[in-house]
Amino acid sequence: MAVILEKDLERGRAAFEQWREAAYDKAARIGTPTAAIPASTAIAAIANEGAGNDGNGANDMADGDNSTDNSATGITTMSAPPAPARLAIAPKLPRPVMAMAVRYSLFLLERKAPGPGVEVRVAPWGAIKILDGPASDPHNLTPPDVIELDPQVWLRLAAGITSWNEEKEAGHISAVGERDDLGWLLPL
């Protein structure tokens, strides 16, 4: 069974983009490199960062300014925030938007690496099988390799906010089997 219906692909794409924009906006506030942020968000982040506040008089950088200004080029860059800050990025979006974002991103992964060998579960909104390898047997429908993630963890990985190793070291990924690292497939 498909993780997302064909008629919902456009809604799913829009939901994933909405989550990604919200996450990049949050990342910009804590000092992620502007090269990783979509152009529209990067421009807004640089403008806000230049003003030193979020429009409400509050400083965007919690512990000081993480930016550097190269006056010769006129380009402002921000240093990457520490891993704990990136691991905390979890935009609060309506439940249906989150569900569609997860389903669409799982659909992208399934198309990128089809096969029956590894099951990727993002409860409660989807599970797919990817990569070649031994399939499940008729008595046990679960393949030998299973990876489980929470929705926010999965979306951070799919959008490139965090890396597989960062999330794994933080204990956010449950993986059983020989193929327990999907880092080479991400971000989508």
Side-chain angles (χ1 to χ4, degrees), residues 1-27 30 32 36-38 41 81 83-188:
M1 180 169 178
V3 71
I4 190 170
L5 299 174
E6 189 172 332
K7 68 178 185 157
D8 291 330
L9 286 176
E10 185 54 36
R11 278 187 31 214
R13 186 199 58 73
F16 185 53
E17 287 298 320
Q18 183 179 352
W19 187 93
R20 187 172 17 202
E21 287 286 328
Y24 285 150
D25 184 49
K26 202 169 216 177
I30 60 172
T32 195
I37 303 170
T41 307
R86 287 192 316 276
L87 293 169
I89 293 174
K92 302 294 183 216
L93 297 176
R95 188 172 168 84
V97 173
M98 289 290 295
M100 287 305 249
V102 167
R103 289 178 182 139
Y104 181 76
S105 58
L106 285 172
F107 166 77
L108 293 176
L109 179 63
E110 190 175 35
R111 290 191 61 181
K112 190 173 189 178
V118 177
E119 185 166 295
V120 179
R121 299 175 184 167
V122 182
W125 292 310
I128 59 169
K129 292 181 182 176
I130 62 169
L131 299 174
D132 288 329
S136 54
D137 66 49
H139 303 290
N140 180 4
L141 298 178
T142 303
D145 299 311
V146 177
I147 297 171
E148 296 181 359
L149 309 109
D150 288 331
Q152 295 287 3
V153 172
W154 167 247
L155 290 170
R156 281 194 302 266
L157 289 166
I161 302 290
T162 56
S163 71
W164 188 267
N165 289 339
E166 288 170 335
E167 296 286 1
K168 183 83 170 170
E169 288 174 11
H172 297 162
I173 297 172
S174 171
V176 177
E178 292 178 12
R179 292 176 292 172
D180 63 351
D181 185 346
L182 300 182
W184 60 279
L185 291 169
L186 300 167
L188 298 174

Exercise. Would you call Trp164 and Leu182 a side-chain contact if the rule is heavy atoms closer than 4.5 Å?
Worked result: yes

Problem set entry | Exercise: identify the closest heavy-atom pair between Val3 and Ala127 | CG2-N, 4.3 Å

Seminar exercise, completed: Taken to the nearest 0.5 Å, the spacing of Ile4 CD1 from Glu110 CD works out to 11.0 Å

Problem set entry | Donor-acceptor contact present, side-chain Arg103 to main-chain Gly126, <3.5 Å | no

Seminar exercise, completed: Contacts of Asn165 meeting side chain to side chain donor-acceptor pair (under 3.5 Å) (sequence neighbours excluded), chain-then-number -> none

Seminar exercise, completed: Rounded to the nearest 0.5 Å, the CD atom of Glu167 sits from the CD1 atom of Ile161 at a distance of 10.5 Å

Problem set entry | side chain to side chain contact (heavy atoms under 4.5 Å, CB included) evaluation trace for Leu155 with Met98 | CA-CA 9 Å; Leu155 290 170; Met98 289 290 295; 3.8 Å; yes

Problem set entry | Closest approach of Arg156 to Ile89 (non-hydrogen atoms, all atoms of both residues) | NH1-O, 2.9 Å

For this session: Test Lys168 against Asp180 for side chain to side chain contact (heavy atoms under 4.5 Å, CB included), laying out the working first.
Result: CA-CA 10 Å; Lys168 183 83 170 170; Asp180 63 351; 4.1 Å; yes

For this session: Give, for atom CG of Leu149 and atom OG of Ser174, the distance between the pair rounded to the nearest 0.5 Å.
Result: 8.5 Å

Problem set entry | Minimum-distance pair of heavy atoms, taken over all atoms of Leu109 and Trp154 | CD2-CH2, 3.5 Å

Seminar exercise, completed: Those residues at least two apart in sequence (or on a different chain) that pass side chain to side chain donor-acceptor pair (under 3.5 Å) with Gln18 are none

Exercise. If we only count heavy atoms from C-beta on, is the Gln152 to Pro91 side-chain gap below 4.5 Å?
Worked result: yes

Problem set entry | Close side-chain approach of Leu131 and Leu185, heavy atoms under 4.5 Å | yes

For this session: Heavy atoms only: give me the nearest Tyr24-Ala159 pair and the separation to one decimal.
Result: OH-O, 2.6 Å

For this session: Rounded to the nearest 0.5 Å, what's the gap from OG on Ser105 to CE on Met100? Could you check?
Result: 11.5 Å

Problem set entry | Over all atoms of both residues, closest heavy-atom pair of Lys26 and Ala90 | NZ-O, 4.0 Å

Problem set entry | Rounded distance [0.5 Å steps], CD in Glu169 versus CG in Leu87 | 9.5 Å

Exercise. Considering only heavy atoms from C-beta outward, does the side chain of Pro151 approach that of Arg95 to under 4.5 Å?
Worked result: no

Exercise. Between atom CD of Glu119 and atom CD1 of Ile128, what is the distance when rounded to the nearest 0.5 Å?
Worked result: 9.5 Å

Exercise. So, for Gly177 and Asp145, which heavy atoms are closest and what is the spacing to 0.1 Å?
Worked result: CA-OD1, 2.9 Å

